[in-house]
Amino acid sequence: MQAAPVSALGTLADPPARMVDGAAMDYLLIEAVNALRVSSAVASARAKKIERDMVEAGLVPPPPPTAKQQNPRDSTSSTSGKISGPADEDEGVRSRLEAIGMHIGGNFVERLCRDRPLFSDSLDVIKFVCKDLWVSCWDKQVDNLRTNHRGVYVLQDNAFKPITRISSWEGRQEALKRAKLYVALPAGIIRGALSRIGFQGTVVPEITTLPQCTFQIKLPKNI
Amino acid sequence: MATTSKQYKAIGEDLWKSRTDKINSELFSLTYGALVVQLIQDYEDYAVVNKQLEKMGYNIGTRLIEDFLARSSLGRCSDFREVGEVAAKVGFKSFLNITPTVTHSGVPPPSARPTSTVQQSGVPGSSFILTLDENPLAEFVELPDEALEGGLWFSNVLCGVLRGALEMVQMQVQVEFLSDVLRGDESTEIRVTLLKYLEEEVPVGDD
């Protein structure tokens, strides 16, 4: 078809993507969550210590005795009342995972969009997320997309790759709980991608039954 | 029968080709990079971050070796030299799609203490150096001055992976970075030194 020198130059200018084994990524993510749990505990302990030191030095007034508040968003809280410890810890890990996801999503989408023409509207962006982003990250497309045409989109994936292999010896419920933490990273990826494209929205993941996962994306009205 | 270096290379290539689940290495690099940044922000101490990366790598390595042995069905290595060859040409190739070069280092002089319990012909003290000419973890990475001064080894997770994996096959090793292109050195080198062979132990509570 093409003369050999031309295709060689083409390869030089646009090299085929380097690949890495998928299992290596899975192991890294598993250990990353554990490492982040430890590091977020260290960071919050340090922040609390600084706060205590400042209170003792009289620089800030002591905090009022707080009744431990129920975190209404935390669907995994048990009714026994000792939820604040693990819930805070999980929140730290979750926000870190989302931040990492945002970094990944933003930068990766820059590479993906390189040869692409400008997006026409927000639906076009969402379709890009459903097809191109999903395929590059998780080897398939989104199974179902619903929208209320007012800036809210619901993406449904019936076999979401990061959580397909999660299982727990403690049973289905425990596995579901853990999965909710692990999807923070993909949610961050989507959010980071949207933000780099120019849409500051929110992404909320939800899992009712493994391995099905839905992401609710709220985009601002004005483009 | 000694498997030659070329044969290991071929085994590595085959294993890599037979893998169905591959991801873009940029995703991998971005994930690792963001993770290191987060750890630095949390610990604020580069030496501690190095240690945490190594620990993370150790945990990964203990799982990775099972995956590796299951896929490659390679037998026990006959000596430490072979360990280096397999790690570089088959191990790194099948997981990271890179082939670092191996340089084997001499054995210490025979005045070392008697190694009567050694079954394999590898003497504690022997080592090999892996020279990575490309590092997928360090794509797009530039270290700021304070990281350089603080002594951060960016890819320290690799040291942990090697240590964890080799410990699961009864070798206690010391793995450390000698140089890193991110730090401005000419090449990225990891030295693996054999400390001793471990006895097979029955896991606790397992009768």
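Residue numbering restarts at 1 for every chain, and letters A, B, ... go by the order of the sequence lines.
If you tally non-hydrogen atom pairs under 4.5 Å between each of A:G105, A:S136, A:S39 and chain B, the highest count goes to A:S39. Among B:N97, B:V161, B:I98, B:V157, the residue making the largest number of heavy-atom pairs under 4.5 Å with chain A is B:N97. In terms of non-hydrogen atom pairs under 4.5 Å with chain A, the most contact-rich of B:L39, B:D67, B:L64, B:V37 is B:D67. Among B:E139, B:R71, B:K55, the residue with the largest count of heavy-atom pairs under 4.5 Å with chain A is B:R71.
Taking a cutoff of 4.0 Å between a charged side-chain nitrogen and a carboxylate oxygen, B:K22 and A:D139 do not qualify as a salt bridge.
Residue B:R19 touches chain A through its side chain alone, counting heavy-atom pairs closer than 4.5 Å. Interface residue B:S94: only backbone heavy atoms are found under 4.5 Å from chain A. If you measure heavy-atom distances from B:L53 to chain A, you find no contacts under 4.5 Å at all.
Within 6.0 Å of atom CZ in A:R111, 12 or fewer heavy atoms from other residues, nucleotides or ligands are found, so the atom counts as exposed in its surroundings.
In summary, of the residues considered (A:L36, A:L29, A:L97), a side-chain contact (heavy atoms from CB on, under 4.5 Å) with B:L35 occurs for A:L36 alone.
Below 4.5 Å, heavy atoms of chain A meet heavy atoms from B:I23, B:N24, B:S25, B:E26, B:L27, B:F28, B:L30, B:T31, all part of residues 23-31 of chain B. Using non-hydrogen atoms only and a strict 4.5 Å limit, the part of residues 42-52 of chain B facing chain A consists of B:D42, B:Y43, B:E44.
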| request: Dump the intermediate steps for side-chain contact (heavy atoms from CB on, under 4.5 Å) on A:K161 and B:D21, then the final yes or no. | output: CA-CA 11 Å; A:K161 191 157 173 253; B:D21 188 19; 3.4 Å; yes
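Two residues are said to be in side-chain contact when any heavy atoms from C-beta on lie closer than 4.5 Å; B:Y32 and A:L28 meet this criterion. Between B:F140 and A:N107, every side-chain heavy-atom pair lies at or beyond the 4.5 Å cut-off.
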